Number of protein chains: 2
Amino acid sequence: MGDEPAGRTAPAGMRQLSPVDALAQLSFVVHRMLEQRAAEHDLSIIQTRLLGVLRDRNPTINELGGLLGLDKSSTSGLVERAERRGLVAREPSPTDGRSVLVSLTGAGRSLVSEASSQFERDISAFLAHLPQRDRTTLTALVTRVLVAHAAEQGIELFPGDR
Amino acid sequence: MGDEPAGRTAPAGMRQLSPVDALAQLSFVVHRMLEQRAAEHDLSIIQTRLLGVLRDRNPTINELGGLLGLDKSSTSGLVERAERRGLVAREPSPTDGRSVLVSLTGAGRSLVSEASSQFERDISAFLAHLPQRDRTTLTALVTRVLVAHAAEQGIELFPGDR
DNA sequence: TATTGTTATACTCTATAACTATA
DNA sequence: TATAGTTATAGAGTATAACAATA
């Protein structure tokens, strides 16, 4: 994971990261931004993802586990801790007596909205280091590689497409 | 965090992610690759980072905590669990009777080498979705934004520069 | 006195297994 | 019987605070 000679698009004298290092570093930087913003609201990454997922859904514990990639027991505990903080609510499913529906409370919705808008500002500020033209190019290239990767994995990158 | 109209660099008909979504998604994908490769070797992300940091250093517990962003007590426990698995070794510092030097064992070095070369192959395969020319452009743009961000934070992106 | 590291304690997060209630 | 959810248990990972040993 070392350095490499300067490439076409870099200003004279600037060193280049290897493609692997560039993506790995970028991933860490973005992940750390999210982590720090979440921490300011006393949220972990997984709690933030929980609230995020609930913004446009009222899933059962089981569905939530699927969305977050967690076992049902882990999901149960996660929801329990969020409920104790007043961020989410549980209610029995009207159609299946075994199921529980999870939803955001007003407090949970406020918290996730604030955290995510701050995170968006962080990313915008980070990208503001590039001129508009390069930013557009970067976004387009990243979109292309993500679309190709999602297609390979059989995942819908743009929900709502048929 | 929605979609946006297609941009300059996208093929006709392809939808665009917003810049924020593009970076966030990219970060998740890369992070998940690292997590899964690490898990195949029964390593967590933090254990993997520990081994990675030790590849070219024999730091004290304190220095290690600084490098990993952990409290000394957390670092002590992390090293203890890695030592129990035979991946790292502790030895008293010859120059300071209070300090402990941490180093990779042969087993630890093998493990981190294998995991990181697999991770590098994952990233390469991921980037292979783009033609060489675009890959170079992407890497250069990411390097530029990381360099600018690191400079702003007062961090050395290229260790060894003076 | 200050610093280094460990330990005690507490909490989050995770999984497996056993259990209850419902289908 | 099968499924949904909770609970008991175990372990990693984290921090704060108290401690021992060394500087």
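Letters A, B, ... are given to chains in the order of the sequence lines, protein chains preceding strands, and every chain is numbered from 1. Everything numeric here is computed off the predicted structure, so don't read it as measured data.
- Applying the side chain to side chain donor-acceptor pair (under 3.5 Å) test to every pair with at least one member in residues 75-86 of chain B, sequence neighbours left out, gives these pairs: B/Glu80-B/Arg84, B/Glu83-B/Arg90.
- What separates CD1 of B/Ile61 from P of C/dT7 is a distance of 11 Å, to the nearest Å.
- Closest approach of B/Ser124 and A/Val20 over heavy atoms only: OG-CG2, 4.0 Å.
- Phosphate proximity of C/dT3 to B/Ser99: absent, as no side-chain N or O sits under 4.0 Å from OP1 or OP2.
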Treating primed atoms plus P, OP1 and OP2 as sugar-phosphate and everything else as base, which nucleotides of nucleotides 13-19 of chain C get B, S or - for protein heavy atoms under 4.0 Å? BSBBB--
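- Judged as a side-chain hydrogen bond (donor to acceptor under 3.5 Å, both in side chains), and not counting sequence neighbours, the contacts of B/Arg135 are B/Gln132.
- The CD-C1' distance, from A/Glu83 to D/dG5, rounds to 13 Å in whole Å.
- Residue-level contact check: B/Thr60 touches the backbone only, with heavy atoms under 4.0 Å from sugar-phosphate atoms and none from bases.
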Distances for protein N or O near nucleotides 20-23 of chain D N or O, under 3.5 Å:
{"from": "D/dA23", "atom 1": "OP1", "to": "B/Gly97", "atom 2": "N", "distance (Å)": "2.7"}

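- Counting only residues at least two apart or in different chains, salt bridge (Lys or Arg N to Asp or Glu O under 4.0 Å) contacts with residues 32-42 of chain A comprise A/Arg37-A/Glu40, A/Arg37-A/Asp122.
- At C/dT6, one or more side-chain N or O atoms of B/Arg90 fall inside 4.0 Å of OP1 or OP2 (strictly under the cut-off).
- Between B/Asn62 atom CG and C/dT6 atom P the separation is 10 Å, expressed in whole Å.
- B/Val112 belongs to a hydrophobic cluster whose remaining members, ordered by chain and number, are B/Leu43, B/Ile46, B/Leu50, B/Leu51, B/Val53, B/Leu54, B/Ile61, B/Leu64, B/Leu67, B/Leu68, B/Leu70, B/Leu78, B/Val79, B/Leu87, B/Val88, B/Val100, B/Val102, B/Leu104, B/Leu111; membership requires side-chain heavy atoms of ILVMFWY residues under 4.5 Å apart, directly or through intermediates.
- Within the 4.5 Å cutoff, side-chain heavy atoms of B/Phe126 are placed close to those of A/Leu23.
- Contact annotation: the side chain of B/Arg109 never approaches that of B/Glu114 to less than 4.5 Å [non-hydrogen atoms, C-beta and beyond].
- For the side chain to side chain contact (heavy atoms under 4.5 Å, CB included) with A/Leu101, the lone residue among A/Pro92, A/Pro94, A/Pro59 that qualifies is A/Pro94.
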